Each structure stands twice: as C-alpha cells, then as structure tokens.
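Proteins come first, then strands; the chains are lettered A, B, ... in the order of their sequence lines, and each starts at number 1. Bear in mind that the values here come from a model prediction, so they are computed numbers and not experimental data.
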Number of protein chains: 2
Amino acid sequence: MLLTSSEGKYLKAIYTLSAQGKEAVTTNAIAAQIGTKAASVSDMLGKLAEKELISYKKYYGVTLTEKGHKTALNILRRHRLWEVFLVDKLRFHWEDIPEIAAELELLDHPMLIRKLDEYLGYPKFDPYGDPIPDEFGDIQTKARVPLQDMPLEMTGKIAAVKDNSAAFLRYLDKMGIYIGARMAVLEKVEFDGSLELMIDNQRKVFVSREVAANILVQPL
Amino acid sequence: MLLTSSEGKYLKAIYTLSAQGKEAVTTNAIAAQIGTKAASVSDMLGKLAEKELISYKKYYGVTLTEKGHKTALNILRRHRLWEVFLVDKLRFHWEDIPEIAAELELLDHPMLIRKLDEYLGYPKFDPYGDPIPDEFGDIQTKARVPLQDMPLEMTGKIAAVKDNSAAFLRYLDKMGIYIGARMAVLEKVEFDGSLELMIDNQRKVFVSREVAANILVQPL
DNA sequence: TAAATGGTTTAGGTTAGACTAAAAATAGTT
DNA sequence: AACTATTTTTAGTCTAACCTAAACCATTTA
C-alpha cells in the first residue's frame, strides 16, 4: 500500500483531531488543520475511503479504520523520532523543529527509521513530551495530570505541553520550564487561577491559569 | 527562487552529466539519467530555461548557467552531507545510501544543513570520496589519479570510486577495498590490463582493468 | 413545519509533471 | 544535393492535488 505524501498529511491531521475530541472528524476541521479548503478535503476523503484508510459517511465526518490508524501512528513515529534527532543531535531549539520534522516524516524508509531509532537510543518521548509509537504502533503512556489539577506540595516532572506554538515554547524557555524539570505547586491563587511553582527545588515561578492549562505533569 | 523537487532532479542530472563530458548535455542523456522520457525532458528544459537556470538552444542540448550551477552544487552538498550522516552516524552500508540520500536532499532548509554540517564535523568528502561543496559552492579537490595510471611501487590512498552501483561497491567490500585504504601497485599485467595491489601493507589483491578504471587514488 | 444557516459535496477548472504519438530538425551517407 | 536514420520537439492526454462557485444536506430557529 503506497501512500502519496498528501495522503499522509490527511491521515495525520485526522489522527490528531480525533485524539482531541472523541467524535468523528469534520471536513472543515481537517481543512483548517492542514490549511486547505473544504472542497479539497472532500476530494481527498473519497480517495482515502477508497483505500480503506478511513470510514467515511458523507456529511457525517470521518474516523480512521484500523489500517488508517496504524498508518497514522507510523507517520507520527517518524515525525517524533526526527524531532528528537533535531533537538538532541543537531541542537535545534524546540520552536523550530515542527516545520522541518513535517518534511522529514514524509520519507518512508523502514530501515532508515529503525536505524535512526537505534541511533537515538530508542527514545520513548519527543521533545514536547509526546509519546513515540514503536514499530508496531504501541504507545507508552505515563500517568499525566494537567498542572492545574496537581495538589499542593506534591512533586512531579514536567511531562508534556499541549500547545506547541513557538510563542508558548519561547515563554516556557524564558521561565526556565522544560520537559523533565522537577516541580511542585507552592500555591494556588484563588481569584485568577494562577500558580506559584518551585522548579528544580531552586527557582520559584508564577504561571497564569492559561499557561498551566497547557502543561502536563507526571506525578512522582 | 523556489524550486520544485522535480526541477532539482533535473539540475542535478545535468550537473552530473556535464561533469563527465565537457559538452552540452543532450535531452536523451538526461532522460536516461533520471529515468524519464525525452518528451518530458524537453518540457522541463523549457521551464528551467525560463527560470534562467540553464541555457538552452533547441536541438543543441543544455548547459547550466551560473545560477543553475550554484543551485546544483547546493543540492549536491545536501546529498553528500546526508550520505555522510547515513554512513557515519546511522551505520548504513554504502550501497544502501544513494536512494535515501536522494530523498533527503530534496529538503531545502539552510539551517538544517548548516547544523547537520556542524554535527558531522564539516566533512569534506562523502563516503564515496566525492567532495562536498561548501555553503558557497566551493569544492575542495585533491589530486587524484585513475588507478590504472599509478606508477609501480608508488603508494597512495583510495580516494574515490566512479561507479556507485551496489554491485560494484559490494565487490569492493568483499575485496577489502575501501575509501581511505593505503595501497600500492605491485604489478601490472600486460595482456589484460589487470593489476596486483597491496592494500594496507597487508593484503595482496588482484583487480581487473574494468575495476581499476573505476577507482581513483590520491598519491602520497 | 418551513425557512434560514452553515457545513459539505459536486462540478468544473488549473497546474505540474509525466506520458504517447506524430512532426520536425539534425547529421550522416551516398 | 537528396535521402535516411536518429534525436528532439510539439501536440494532445492523463493524474494528483488543489481551487472557486454552485448545489446540496442537516440542523436550528421562527
């Protein structure tokens, strides 16, 4: 089963969107996600359904089939492995990598990916803390709690961010918040939902409710 | 100036072919090189001429313009840097890499290539011994002599191969001939042009005239 | 329940890159 | 100088992926 790179783009978009809400993914949502028009999406959905990668009921959105799901996970695996490469080896800053990884992920060479994986030391999470599926599409999940829901005093590790935008990531950098950092919630401010954190047992940091909503913590 | 990946493919082919013979490159030669039909090549030549990447006189073949030459060298630079990555870092065998590098070279991210170059330690030659152009298109050349022309007893280093086919490379591997190996010509057999070599001051090896014709040596 | 609204699909058109078949130009041979 | 063989170009199709505009469907609102 050969995929065009465009088909891959659609599968990834559908995967991402259905990971968010549980419902069938709508045409417009896909169009917005990949920056194209709804009409083009309808076109492509027909082709993907033809190949049995999605199940598609006209006017009622799409869901991935088993086959489509596997394929999407494989693309995601490639994407996230390249992201690790870019950050760990080439020393890219994490705000710059999604664009490049989006192109690298299109290369479908199983041997290349297997060797890359080995070379990187079989990483389980990408630089944003998102899990990297293995060859079989299995994902290793860790228990994760939104930062807002962490009880006071409980320690944890920053596990992932929900928002990968450059602006947000730059902000986190400036605050010294990074994936893997130790942290604890020192105080919750009632009236605006902001939090005071202790990072690495060293630095105290204030974050707003909006920021906290985009950070996931792995309790320790 | 944005290039489609197909245009890049043509420029590289034209570059390669004009590096061989000095004449203008013919339509058929390009078609053979990139595995397409002459009619398709004619089409594309028109477009490349439009962009002033080649100078194109109908029925008389093409040559690269200054601009086209620069562009081709940049693609070649990407290709060869990725080849180094595949062999040095991912431990690919050299027969497997041209196919993968041909896809990686299509990614045009100056920053990516700059960081890759740095990460690889600014290599000057790819795994086949071919020189890697720098950012400005400058190529570092070493004095090189076809193996057949090496005088008896003179020592040298295997510098490059002219034939990158998997079959040839596999053969060299089996004979223990690799880029960088020390060698000297022990004897030249008159009637068939074959040579007896000493490799690494340890092993004696016989190679045919055909094989010798595809090996370049850097005299020491 | 009928109309308005908004999301979705269809219809038809565009572009890039390939193809085949046919026409045209070049080069070689008498 | 004309004829032939070969190479190259042109002309006309095809497909994938996109687009716009128009039609269509489902749902919400009056």
Q: May I ask you to decide if the ring planes of A/Tyr171 and A/Phe168 are parallel, tilted or perpendicular, using 30° and 60° as cut-offs?
A: parallel
Q: Would you please confirm or rule out a distance under 4.0 Å between OP1 or OP2 of C/dT10 and any side-chain N or O of A/Ser42?
A: no
**Q.** 5′-ward residue of the pair A/Ala39/A/Thr4 relative to DNA chain D
**A.** A/Thr4
Q: Send over the distance from B/Tyr60 OH to C/dA24 C1', rounded to a whole Å.
A: 13 Å
Q: Find the distance A/Ile54:CD1 to C/dT8:C1' and express it as a whole number of Å.
A: 14 Å
Q) Taking atom C1' of C/dT9 as reference, at what distance in whole Å does atom NZ of A/Lys37 sit? A) 16 Å
Q: Write down the distance between OH (B/Tyr56) and P (C/dA25), rounded to a whole number of angstrom.
A: 13 Å
Q) Closer than 4.0 Å, any side-chain N/O of B/Tyr10 to the OP1 or OP2 of C/dA16? A) no
Q) Is any side-chain nitrogen or oxygen of B/Ser40 closer than 4.0 Å to OP1 or OP2 of C/dC19? A) yes
Q. What's the CD1-C1' distance between A/Ile30 and D/dA17, to the nearest Å?
A. 15 Å
Q: Can you tell me the distance, in whole Å, between the NZ atom of A/Lys51 and the C1' atom of D/dA16?
A: 10 Å
Q) Are OP1 or OP2 of C/dT8 and a side-chain N or O of A/Lys58 less than 4.0 angstrom apart? A) no
Q: Quickly, which of A/Asp117, A/Asp130, A/Asp134, A/Asp126 forms a salt bridge (Lys or Arg N to Asp or Glu O under 4.0 Å) with A/Arg77? Name it, please.
A: A/Asp117
Q. Closer than 4.0 Å, any side-chain N/O of A/Asn28 to the OP1 or OP2 of C/dT8?
A. yes
Q) Within this structure, what is the NZ-to-C1' distance between B/Lys47 and D/dT9, rounded to whole angstrom? A) 15 Å
Q: Is it possible for you to check whether A/Lys57 lies under 6.0 Å from the centre of the six-membered ring of A/Tyr60, through NZ or CZ, and within 45° of that ring's axis?
A: yes
Q: Report the residue (B/Ala29 or A/Met44) whose heavy-atom-nearest nucleotide on DNA chain D is the more 5′ of the two.
A: B/Ala29
Q) Where the side chain of A/Lys89 meets the backbone of A/Val87, is there a donor-acceptor pair that is under 3.5 Å apart? A) no
Q: Using atom CG of A/Leu11 as one end and atom P of D/dA17 as the other, report the distance to the nearest whole Å.
A: 12 Å
Q) For D/dA17, does OP1 or OP2 lie under 4.0 Å from any side-chain N or O of A/Thr36? A) no
Q: Salt-bridge test for B/Glu105 and B/Lys12: reply yes if a basic N is under 4.0 Å from a carboxylate O, no otherwise.
A: yes
Q: With heavy atoms under 4.0 Å as the rule, sort B/Lys57 into base, sugar-phosphate or nothing.
A: nothing
